Structures are given as structure tokens and as C-alpha cells.
Amino acid sequence: MENSEIAKILWEVSELLEFKSENPFKIRAYQKAARNIEGLPLSLEESYKSGGIKALKEIPGIGEAIAEHIEEIIKTGDFKKRKELLKEFPKSFLEMIEVQGIGPKTAMLLLKKRGIDSIEKLEKAIKSGALKGLVGFGEKKEQNILQGITHKKKTIGRHLLSEAHEYADLIINQMGKIKEIDQLLAAGSLRRQQETIGDIDILATSKNPEAVMHAFVKLPQVKRILAQGPTKSSVILKNEMQADIRVVDPKCFGAAAHYFTGNKLHNIKIREMAVKLGLKISEYGVFKNDKQIAGKTEEEVFESVGLSYIPPELREGSDEFEAAKKGNLPQLINYPDIRGDLHIHSTYSDGANTISEIAEFAIKMEYEYIAITDHTQSTRVARGQTAREIIKELEHIDELNSSYKNFKILKGAEVDILPDGTLDYKDELLKELDVVVAAVHSRFKMKKDDMTKRICTAMKNKYVNIISHPTGRIIRRRPPYELDMEEILKTASDTGTYLELNSQPDRLDLSDVNCRRAKEMGILIAINTDAHTKETLYFMQFGVSTARRGWLEAKNVINTNPIAKLMKLLYAKR
DNA sequence: GCCGTTTTCGGCCCGACTGTTTTCAGTCG
Ligand SMILES: Nc1nc2c(ncn2[C@H]2C[C@H](O)[C@@H](COP(=O)(O)OP(=O)(O)OP(=O)(O)O)O2)c(=O)[nH]1
Ligand SMILES: [Mg+2]
Ligand SMILES: [Mg+2]
Ligand SMILES: [Zn+2]
């Protein structure tokens with residue numbers, strides 16, 4: 001049982017409890033537990049197996065009751081209380097609150113008074129006028145719900161960080177033309193650089209908020225206005241993304257930026273800390289006896305509760321406060337720390353650019369080195385090369401290198417890890433390479449033990465430097481291979497193998513939480529792009545963002561080193 | 001339901017916008 005599955009079950013229970021109008025704090029307790037479990041690097045099932053209920057209760061937000069539920073879920077796949085709740089409310093009913101504007105109260109009213117228990121029935125009911133006369137329902141509400149249903153049908157859920165970035169830049173560019181705006185900031189999950197983004201959150205400061213809102217909702221990208229007030233508006237954009245905007249006075253910028261960056265749990269926790277100190281934190285500032293005492297900058301907000309500045313990528317409402325209090329926050333890696341890219345494809349396999357085109361581009365990016373790592377024979381769809389074919393490429397690289405100074409092209413390959421854990425090239429050939437990146441490209445559905453053994457066997461080969469995209473997940477498309485991540489990490493640590501943080505926006509693999517776990521175990525990470533075109537060498541920024549979310553410092557990442565040190569690290573296993 | 005360096009009971013973040021409401025509940029950030 002995966003953590004994500006357990007989290008999903010608990011989240012669903014929180015929704016079921018909402019329908020029953022349970023104590024809102026109890027509902028929040030289930031939601032908190034679910035969120036915390038999602039962000040957990042260790043397998044709950046493994047923790048339970050080794051430490052029982054007691055180990056579960058050590059996780060924040062999990063107490064006696066939820067720990068027992070989790071035990072039951074691990075043992076039977078479900079738990080009694082949930083099964084009972086589900087008898088009352090069918091699955092299709094749960095989906096109703098996913099429609100914008102419908103919450104648990106409205107859904108219950110529709111169920112009780114009209115027997116509506118699915119989005120389909122709701123749509124029919126509105127169109128046939130069956131909701132006329134229902135308390136709290138009028139023409140506008142019906143139309144809003146219909147539009148909400150249409151919107152829901154068109155969207156696929158959360159967006160990749162890269163897509164959201166691009167679109168947010170467009171909007172922010174447009175907003176830059178609004179005269180009344182002072183400062184602009186992309187906030188929310190975008191600023192925290194989460195791997196997926198729910199909506200675009202933008203903060204503006206202005207002395208004339210109404211004028212700003214007026215101009216904002218008239219932007220050409222805006223399709224529909226969900227809400228418009230003087231300090232806050234929400235719209236649906238033409239690409240069906242939602243955008244939320246807040247406008248505040250410049251003297252509130254810090255507090256508003258902090259609020260709008262979140263995440264929610266982080267906000268709640270820092271506000272609780274303020275309450276204990278006799279203060280109040282809101283998006284408008286830090287207040288003592290209704291008098292603003294701070295809030296112009298984010299630093300002031302943190303300082304008011306005795307914390308040093310916490311970078312947005314760490315604001316998850318977990319243990320960042322502890323670190324900030326003790327002054328133990330990491331010196332997070334920055335993009336300019338990166339000196340090269342160790343996983344790139346050229347026209348020798350399925351890349352679009354020649355090695356020299358890639359090299360020229362990398363030099364413009366001020367890199368000191370790159371590794372060309374084309375596919376090997378078993379990955380035929382990606383034009384993987386035989387041993388004979390790659391020899392030509394290696395000679396070509398030698399030739400090119402003689403023409404560069406202060407820049408080096410490393411000879412590499414992205415070598416297939418075959419199902420038995422052996423590699424697609426013989427050791428005699430691997431020996432000729434500077435960088436061996438090893439990866440699984442076939443038989444993704446192997447059993448957990450087999451897949452773990454497969455990758456661990458590969459790590460035990462002394463020529464293997466880096467395991468590429470270690471879990472194989474593709475965001476929104478393919479779940480990770482079944483893996484014992486702890487075993488993988490342990491073997492990486494024992495063998496001195498590096499793990500990749502693949503920067504492709506739909507991979508980001510290792511994920512943020514796994515990076516953090518790897519760091520704790522002393523494993524070094526290679527942040528690579530796996531670029532198949534020279535322009536996508538810029539995907540490095542997403543890798544660095546994810547690394548920052550994983551608390552990584554420059555020293556945890558091998559490709560922040562100058563070439564001489566890097567070469568030493570690459571030859572350390574041999 | 002969870003939690004505690006004052007607490008094992010009694011708190012639990014704080015605010016904006018909408019629609020249909022004669023004064024605020026519901027939903028959302
Ligand atoms: N204090 C407080 N702040 C909140 C609450 N809900 C949201 N926020 C703040 C923190 C969020 O990061 C920020 C933006 O809200 P969003 O719903 O857009 O969430 P966020 O961007 O974090 O994630 P997303 O990718 O959009 O799902 O607003 C809340 O209930 N209380
Ligand atoms: Mg957001
Ligand atoms: Mg938002
Ligand atoms: Zn690759």
C-alpha cells in the first residue's frame with residue numbers, strides 16, 4: 001500500500017465527515033493527516049511493519065484514532081468507519097463538491113431535497129427547472145453551477161510547473177502594463193516551485209486597487225470572472241486555468257506575499273505561533289493590539305515570531321520552523337551554482353541537435369562541461385547505439401574537445417539497465433566512458449523486490465556513476481515503478497553511486513521529498529536535464545527548483561563542482 | 001481528531017466575495 005493511496009482514503013473520509021457536518025476541527029485533523037502522509041519520504045507500510053502503531057503515531061497529525069485506521073487500511077485495504085460512511089454517500093456524490101461553488105452544505109441540500117447524487121443529475125435538474133423553489137437557489141447560482149460543470153469537464157486537473165510558469169509570465173507581462181500597479185509577484189505554489197500547479201496566484205500592490213481589478217479582468221486572456229472585489233479577484237483564463245489576484249497597499253507587501261505564497265499549513269502554523277506571542281498575522285501585516293507592527297517585508301513577518309527568513313520552496317508547514325528557529329536552514333543551491341549537465345542526447349541517438357550545436361549552446365549558458373549520453377542498443381525506439389556505433393561518437397567527441405578551451409565534453413551513455421540488472425554495454429566499453437548514466441527503459445511493471453534488485457545490481461557495477469530518473473514516474477501519466485526506496489538509497493550510499501534529479505518537467509525524478517531523504521543519507525545528486533534539444537538545457541531551472549524543495553545545498557550536487565573535482569567524483573568508484 | 005517547555009481539557013488562522021439573505025452562511029483563498 002502506497003502512502004499516496006492511504007492519504008487519498010483519509011482525505012475522502014474528511015469529505016464524508018463534512019457531509020455529516022462533523023466537528024470542523026475533526027475534519028481538519030483528517031485533512032492534515034492526509035497531507036502529512038503525502039509529503040512523507042518513508043513508506044508508511046514499512047514504518048508500520050517495523051514499529052507498529054507506535055511508529056505511526058510519531059508522524060505529526062497522526063494520533064491514536066487515525067493510527068488505528070491506518071493499521072486497518074494496511075491490513076485490509078480499507079477501514080470500517082469509511083465503509084459505513086460510503087454506504088450513505090455514493091462515489092458519484094463525492095464528485096459533486098469538485099464543481100466550483102458547490103460545497104458540502106449545498107451538496108447535502110441537493111441530495112436531501114431533490115435526491116441529486118451525481119454531477120449528471122445535477123446538470124439535468126438545473127436544465128429542467130427542477131431546482132426552482134429550493135431554498136437558497138436562484139437564477140445566478142444555477143448558472144454559476146452550470147458553468148462550473150462545463151469547466152470541470154474541460155480540465156484535466158493540475159498543471160506542470162513549466163506550463164504554469166509560461167502562462168503566468170504572459171499574464172504578469174500583461175499586468176505590467178497596468179499603470180496603477182506598483183509591484184507584482186507570482187505567489188502560491190508557483191513561487192514555492194511545486195511540481196504541479198493548481199492555479200496562478202498573483203499579488204500586486206497599488207494605491208488604487210479598484211482600478212487594478214478593473215483592468216485585470218479585462219485582460220485578453222480572461223474568459224470568465226468568478227469573483228471581483230477591491231482586494232481579491234478570481235477568473236478563469238482562456239486556457240481553462242484559474243487565476244487569483246490579490247491587490248494590497250504597498251505597506252502590506254511582505255505580509256501579503258507571505259500569505260499568498262503559503263502553503264496553507266505553513267500559514268496556519270505561523271499564525272498559531274503569533275497568537276501564542278499575543279500577535280495576529282494576516283495578509284495585511286503583523287498586529288499587536290490592532291496596531292500594525294510589521295509587514296512591509298517578508299523578513300519582518302518571520303522576525304516577528306522569532307524566525308529567520310524561510311525560502312518559499314521550504315514553506316510546507318512541516319519542519320521548516322524548527323530549522324528556522326535554530327538557524328539551521330540550509331544554504332539552498334542556486335541556479336548559477338550549476339556548472340554543467342551530465343545527461344544530454346544528441347543526433348547520435350534520439351536528440352535533435354548535433355554535439356557541437358549542444359556544446360555551443362552550453363557555452364553560452366556559461367557551463368564548464370556537458371556529458372553527451374545517448375541511448376544504448378536495447379532502447380531501439382530511441383535509436384540506441386551498438387558498441388560499434390558509439391565508438392565513432394567517442395572519437396568525434398575527442399576531436400571536438402581539442403577545439404575548446406575551458407570547456408569539456410564528457411563521453412557518456414545512458415545505458416539501459418536490463419531486467420536482470422546487468423547493463424546494455426560490456427564493462428570493457430563502459431571503461432572507455434567518462435560518465436555512465438544507467439536507467440530502466442523496459443519492463444516497468446516488475447514486482448517491487450525484482451525492480452529494487454534490478455537497480456541495486458546495476459549500482460554495484462563499478463562503472464555506473466548515476467542512476468537516471470530513479471523511480472520512472474511521469475507526472476500525470478505513469479506512476480513510479482514499485483520500488484523499495486530505502487533499499488535503493490542504502491545501496492546508492494554503500495556503493496558511492498549518485499542519483500539523478502531529472503529536470504524534465506514531467507519527471508522531476510527524484511522528487512523533492514526523495515532528494516531530501518537522499519541528502520540525509522549523504523548521497524550526492526546529479527541534476528540533469530535529459531535534454532533532447534539544445535533549448536531544453538534550460539529545463540535545468542526546474543531541476544534546481546525541485547532540489548531546493550528537497551533542501552539540497554550546492555555541496556550535495558555533483559555538477560556544481562569544477563571539472564577537476566567532478567572527474568575525481570566520476571572515477572571514485574573504479 | 002490532535003496536541004501540550006504554562007495545559008491531558010479546551011482550544012484549533014484569518015479574511016474576501018457572493019447570493020439571497022433582511023443580517024449572514026457558504027465557499028473559497
Ligand atoms: N491563512 C490561510 N491562507 C490560505 C488558505 N488557503 C490558501 N491560503 C494561501 C496559501 C496558499 O498558498 C495561497 C494560494 O492558495 P491556493 O489555493 O492557490 O494554493 P496553492 O497555490 O498553495 O496551491 P495550488 O497549486 O494552487 O493548489 O493562499 C487558508 O485557508 N488560510
Ligand atoms: Mg495556487
Ligand atoms: Mg489560488
Ligand atoms: Zn535520457
Side-chain angles (χ1 to χ4, degrees), chain A residues 10 13-15 17-19 21-36 56-70 81 96-110 131 133-145 147-148 187-189 198-203 209 213 217 225-235 242-248 252 255-256 258-287 290 295 301 305 317 322 325:
Chain A
L10 293 176
V13 169
S14 83
E15 292 176 338
L17 295 175
E18 279 194 291
F19 292 133
S21 295
E22 261 282 6
N23 175 357
F25 301 107
K26 183 169 165 179
I27 292 163
R28 214 179 88 188
Y30 274 90
Q31 294 182 343
K32 214 192 244 178
R35 284 271 173 270
N36 286 343
L56 296 179
K57 280 170 67 180
E58 271 164 31
I59 295 158
I62 297 180
E64 193 69 43
I66 293 182
E68 274 171 21
H69 294 331
I70 293 172
K81 189 167 158 185
M96 281 175 50
I97 55 169
E98 289 170 21
V99 175
Q100 173 79 245
I102 296 187
K105 295 288 193 294
T106 310
M108 279 308 283
L109 185 79
L110 289 165
L131 298 188
L134 196 54
V135 279
F137 269 80
E139 185 59 27
K140 276 190 174 164
K141 195 163 197 175
E142 290 188 355
Q143 290 315 309
N144 284 340
I145 290 174
Q147 288 186 308
S189 49
D199 66 356
I200 294 175
D201 300 297
I202 296 172
L203 172 66
M213 287 307 185
V217 299
I225 301 169
L226 294 173
Q228 182 185 353
T231 83
K232 171 178 165 171
S233 295
S234 290
V235 299
Q242 182 171 329
D244 295 329
I245 174 174
R246 293 289 316 242
V247 184
V248 298
C252 305
H258 179 265
Y259 151 75
F260 214 22
T261 298
N263 70 6
K264 175 175 167 174
L265 194 58
H266 172 97
N267 287 355
I268 291 175
K269 285 198 174 172
I270 203 168
R271 287 170 182 210
E272 281 171 349
M273 293 169 71
V275 169
K276 289 205 177 98
L277 295 169
L279 304 171
K280 181 182 76 172
I281 295 179
S282 75
E283 58 266 51
Y284 300 109
V286 182
F287 299 87
D290 287 338
V301 176
V305 289
E322 232 181 286
K325 219 174 285 173

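Throughout, a chain's letter reflects where its sequence line sits, starting with A, and its residues are numbered from 1. From a predicted model like this one, the values you see are computed outputs, not experimental measurements.
Between the side chain of A:Y259 and the base of B:dG29 there is at least one donor-acceptor pair of N/O atoms closer than 3.5 Å. Judged by distance alone, with hydrogens and angles left aside, A:R28 brings no side-chain donor or acceptor close enough to the base of B:dC12 to form a pair under 3.5 Å. Side-chain N/O atoms of A:N23 and base N/O atoms of B:dG1 include a donor-acceptor pair closer than 3.5 Å.
B:dG19 atom P lies 17 Å from atom CG of A:L109, rounded to whole Å. What separates CD1 of A:I268 from C1' of B:dC2 is a distance of 14 Å, to the nearest Å. Look at CG on A:N267: it is 14 Å from C1' on B:dC28, rounded to the nearest Å.
In this structure, B:dT27 forms a base pair with B:dA16, meeting either the Watson-Crick or the G-U wobble geometry with both donor-acceptor distances under 3.5 Å.
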Requested in this report: Under the side-chain contact (heavy atoms from CB on, under 4.5 Å) rule, what do A:K105 and A:S21 come out as? Steps first, then yes or no, please.
Outcome: CA-CA 8 Å; A:K105 295 288 193 294; A:S21 295; 3.8 Å; yes

Report task. Please test A:T231 against A:Y284 for side-chain contact (heavy atoms from CB on, under 4.5 Å), starting from the C-alpha separation and ending with a verdict. Result -> CA-CA 11 Å; A:T231 83; A:Y284 300 109; 3.8 Å; yes

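Side-chain proximity of A:K264 to the nucleotides B:dC13, B:dT27, B:dG15 is greatest for B:dC13.
Between the side chain of A:K269 and the backbone N or O of A:G317, at least one donor-acceptor pair lies under 3.5 Å.
Among the atoms of the strands shown, none is found under 4.0 Å from any heavy atom of A:Q143. Backbone-only contact: A:V275 has heavy atoms under 4.0 Å from sugar-phosphate atoms and none from a base. Among the atoms of the strands shown, base atoms are found under 4.0 Å from some heavy atom of A:K232. Here A:E142 lies out of heavy-atom contact (under 4.0 Å) with every strand.
For A:Q143, the CD atom sits in a packed shell: over 12 heavy atoms of surrounding residues, nucleotides or ligands are nearer than 6.0 Å.
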